[in-house]
Amino acid sequence: IGEADALFRAHRLADAAEAYRGALAAFGPLPVLLMNLATVLASQGRHEESLALSRQAPPDAVRDLHLLSAVGPYAE
């Protein structure tokens with residue numbers, strides 16, 4: 001997970017997305033992993049995919065903030 005975070009901070013978005021997907025495969029659908037991957041996807045302009053992934057996370061303040069700020073403008 002730390003590697004994925006570091007890749008995202010370095011703006012290596014494709015590598016970060018791959019690392020988050022690997023973490024999801026290894027650890028399951030943890031909300032933090034879903035939201036971090038959704039943030040990376042939004043940063044790549046993949047807003048529909050980001051929104052769909054965000055909606056898989058249980059409702060909470062972090063998810064709701066992401067939906068409003070990162071992909072909200074692109075949601076229907």
J.: Can you give me the closest heavy-atom contact between S43 and F8, atom names plus distance?
T.: OG-CE1, 3.7 Å
J.: Holding to salt bridge (charged side-chain N to carboxylate O under 4.0 Å, His left out), I want the full list of residues that pass it with D15, two or more places apart in sequence or in another chain.
T.: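 With sequence neighbours excluded, D15 shows a salt bridge (charged side-chain N to carboxylate O under 4.0 Å, His left out) to R12, given in chain and number order.
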J.: List for me each residue that meets side chain to side chain contact (heavy atoms under 4.5 Å, CB included) alongside Q56, sequence neighbours excluded, and say none if there are none.
T.: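 Side chain to side chain contact (heavy atoms under 4.5 Å, CB included) check on Q56 returns L34, L53.
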J.: CG of L7 to OH of Y20: how many Å apart, nearest 0.5 Å?
T.: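 If I round to the nearest 0.5 Å, the distance is 8.5 Å.
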J.: How would you list, by chain and number, every residue that makes a side-chain hydrogen bond (donor to acceptor under 3.5 Å, both in side chains) with E49, sequence neighbours excluded?
T.: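 Listed in chain order: R21, R46.
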J.: How far apart are the closest heavy atoms of S50 and A38, and which atoms are they?
T.: OG-O, 2.6 Å
J.: For atom CD of Q44, decide whether the heavy atoms of other residues, nucleotides or ligands shown that lie under 6.0 angstrom number more than 12.
T.: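 Yes, because the 6.0 Å sphere around CD of Q44 holds more than 12 heavy atoms from other groups.
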J.: Restricting to non-hydrogen atoms, name the atom on M35 and the atom on S54 that form the minimum distance, rounded to 0.1 Å.
T.: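 Nearest heavy atoms, M35 then S54: CE-OG, 3.8 Å.
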J.: Using 0.5 Å steps for rounding, measure from the CG atom of L24 to the CG atom of L30.
T.: 7.5 Å
J.: Show the numbers, then the answer: is there a side-chain contact (heavy atoms from CB on, under 4.5 Å) between L33 and F27?
T.: CA-CA 9 Å; L33 295 176; F27 302 111; 4.3 Å; yes
